[in-house]
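We use all heavy atoms of the structure for the numbers below, so side chains are in, but hydrogens, waters and symmetry mates are not. A quick note: this is a predicted structure, and the numbers were derived from the prediction, not measured.
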Amino acid sequence: METYLKDEQHYIDQYDRFTVDRCRRLEKNGLPKTKPKSKKESIKQKWAETATNVALHFVTGEEYANKKKTISAWMESDRQKDYLLENTTLDISPRCLNCQQPMEFDFKELHGRDNDHVQFFFRCTQCRKGRFFLETGEEYIPPQPRCPKCNTVLSYKSKREKNKLIHISKCPDCNYVDKWILDLDEKKKPTPIDPNFESDRERFCLSEEEGQKYLDQYFRLKQLQRLTAEEDEKKKHKIVYDQVEKIEKLTLSQVDKLLTSELQKINFTSLQFSKPEIDQFVIVEFSIQDDDPIRIEYDSKLKLIKAIEKELENTNWRMMSDGVDYRVGILSGRLKAYDRESDLLKLAKAKLEEK
């Protein structure tokens, strides 16, 4: 049974042929086809040559960058086809619909638009007629050809004259006839040799050294584009970025010291933090005791919230919107830290909108 998976060189040659064809088309469409008749036309052609060469530089580099990944995908796809074909079995014993004699398994092949199913062919031991079955055991009946003129199902006849197989399809409703002859003596035409392929392959298919050089240049270009875009963004939104610079970026330890010091002044003590929850944001739960025996729950919660919001106003920390809980003089809540640039920008925009 023929396998789909070939040696790696087969895929390399195939990929290189695609690359050469693509670059040849680009070169043919971009380079001038006639000699310039004037100085102006000469300048125009030089610009066209320059633009084509620049385009070829990036196309050949792009083809190199995608080569290993594409070849690997092709090989894996064919490997999966071989596995599917080899490991799919069908245990049935069909009989011929023509003479009711047992049929024997002949061959199996991949089936479907994506070659993701296996179909089995059984042939009658007597009259040699065949039937197709899918891997599910369901019979597959190929669609009958129809007349291109009136869409009627065509009748089919086949005969042999010496070493020629003649296949004739006729429409029973109109005068359409299709005749196809297979000459068994006719030798298969050899695949035409492309005399310039190897030289063009050397021009358009980059070596490892040339490819790595292109990738290094491409990476540096992308870095430059990113830095330029960032600078443009900062210039465009200078006020917001200036506001970000004014935000005091505190660690959890610094927040602990700041709040402990300031909240003690208004009789809140024993500040404690739980283990931080680190995801898109850093979120940490806290608890603190109210040492003022006169304060009632409402006043205690309001006093604490205002005090924390005031201390954290110019920092990258904020109280969570779920507020503060109060039980027997112990208050608890959650703080959220903004440490990524995108989140700090949102924080800065919100700060500016408040002004």
- Glu76 and Arg79: salt bridge (charged side-chain N to carboxylate O under 4.0 Å, His left out), yes or no, with the steps? CA-CA 5 Å; Glu76 181 57 27; Arg79 191 178 290 111; 2.7 Å; yes
- Query: What do the steps show when you test His117 against Leu110 for side chain to side chain contact (heavy atoms under 4.5 Å, CB included), and what is the final call?
  - Reply: CA-CA 6 Å; His117 296 288; Leu110 292 184; over 6 Å; no
- Message: Let me check something: do Ile247 and Leu345 share a hydrophobic cluster, defined by ILVMFWY side-chain heavy atoms less than 4.5 Å apart, either directly or through other members?
- Response: yes
- Is the backbone of Pro102 close enough, under 3.5 Å, to the side chain of Thr125 for a donor and an acceptor to pair up by distance? yes
- Using the salt bridge (charged side-chain N to carboxylate O under 4.0 Å, His left out) rule, take Asp114 and Lys81 through it: C-alpha gap first, then chi angles, then the decisive distance, then the call. CA-CA 10 Å; Asp114 300 317; Lys81 290 174 185 176; over 6 Å; no
- dist Tyr156:OH -> Asp178:CG (nearest 0.5 Å) comes out at 10.0 Å
- Using atom types as modelled and distance alone, determine if a side-chain donor or acceptor of Glu277 lies under 3.5 Å from a backbone N or O of Ile283. no
- Message: Is the ring pair Phe133/Phe122 parallel, tilted or perpendicular, if the boundaries are 30 and 60 degrees?
- Response: perpendicular
- Task: Evaluate the ring planes of Tyr140 and Phe132, with Trp represented by its six-membered ring, and classify them as parallel (under 30°), tilted (30 to 60°) or perpendicular (over 60°).
- Result: perpendicular
- Query: Got a donor-acceptor contact below 3.5 angstrom from the Thr52 side chain to the Ala48 backbone?
  - Reply: yes
- Message: Is it the case that the ring center of His57 lies less than 6.0 angstrom away from the ring center of Tyr214?
- Response: yes
- Is Arg17 reaching over with its side chain to a backbone N or O of Phe197, donor-acceptor style, under 3.5 angstrom? no
- Message: If we ignore hydrogens and angles and just use 3.5 Å, is the side chain of Thr315 paired with the main-chain N or O of Glu311 as donor and acceptor?
- Response: no
- Message: Applying side chain to side chain contact (heavy atoms under 4.5 Å, CB included) to Val20 and Arg24, what does each step give before you reach the verdict?
- Response: CA-CA 6 Å; Val20 169; Arg24 280 175 174 174; 3.4 Å; yes
- Item | Closest approach of Thr269 to Ile288 (non-hydrogen atoms, all atoms of both residues) | O-CG1, 3.1 Å
- Return yes if some donor-acceptor pair links the side-chain N/O of Asn66 with the main-chain N/O of Glu62 below 3.5 Å, else return no. yes
